[in-house]
Amino acid sequence: MSRLFAAVLIVAALAGCATRSQAPGTLVQQQRFNQLVVPGKTTRAELLAAFGQTRNVVFDSGMEAWVYSTDAGNGRTAELVLLLDRAGVVRKMRTRPPYPSDPAP
């Protein structure tokens with residue numbers, strides 16, 4: 001039993017050293033985003049294929065808000081906010097520039 005516990009600890013320690021995939025909401029290129037995302041046309045599957053997972057909120061209505069980030073210069077980021085309908089199609093999109101109070105990374 002103690003060998004099993006030691007093995008689990010070693011694997012856990014090594015896992016901490018492994019390369020991690022990008023965290024949700026990491027930076028995407030705004031120019032590419034603007035070229036590929038078309039309200040009324042772009043689907044959830046297309047977003048995942050082009051940009052990967054991101055932060056999202058699912059509402060009781062079935063609508064979803066997805067948020068990607070893009071470089072806004074000077075070490076700051078802007079948010080690219082999408083509203084998807086129940087069928088998974090982008091309905092609206094907007095860019096939220098960094099607020100003056102947003103901390104620089």
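Predicted model, so just to flag it, every value in this text is computed and none were measured. Computed from heavy atoms alone, side chains included, the values below leave out hydrogens, waters and symmetry copies.
Cluster annotation: Leu36 is connected to Val28 through the hydrophobic network of ILVMFWY side chains, with a link wherever side-chain heavy atoms come within less than 4.5 Å. If you chain together hydrophobic residues whose side chains sit under 4.5 Å apart, Met93 and Leu47 fall into the same group.
Considering only heavy atoms from C-beta on, Glu79 comes within 4.5 Å of Arg55 through its side chain. Counting heavy atoms from C-beta on, the side chains of Val90 and Val37 come closer than 4.5 Å.
Considering CG of Asp85 and CE of Met63, their distance stands at 6.0 Å, rounded to 0.5 Å. Residue Thr70 holds its OG1 atom at 14.0 Å from CZ of Arg76, rounded to the nearest 0.5 Å. Considering CZ of Arg44 and CG of Asn56, their distance stands at 9.0 Å, rounded to 0.5 Å.
In this structure a side-chain-to-backbone donor-acceptor pair under 3.5 Å is missing from Arg94 to Leu80. The main-chain N or O of Leu82 is never found under 3.5 Å from a side-chain atom of Arg91 such that the two would form a donor-acceptor pair. Under a 3.5 Å cut-off, the side chain of Tyr68 and the backbone N or O of Gly52 do form a donor-acceptor pair. Remark: the backbone N or O of Gly73 is paired with a side-chain donor or acceptor of Asp71 at under 3.5 angstrom.
For Glu46 and Lys41, the salt-bridge test fails: no basic side-chain N is under 4.0 Å from an acidic carboxylate O.
Shown here for Phe51 and Arg32, the closest heavy-atom pair between the two residues is CE2-NH1, 3.8 Å. When every heavy atom of Pro98 is checked against every heavy atom of Thr77, the shortest pair comes out as CB-O, 3.4 Å.
Across Val57, Leu84, Val58, a single residue satisfies side-chain contact (heavy atoms from CB on, under 4.5 Å) together with Trp66, and that is Leu84.
Residues Gln30 and Thr95 have side chains that bring a donor and an acceptor to within less than 3.5 angstrom of each other.
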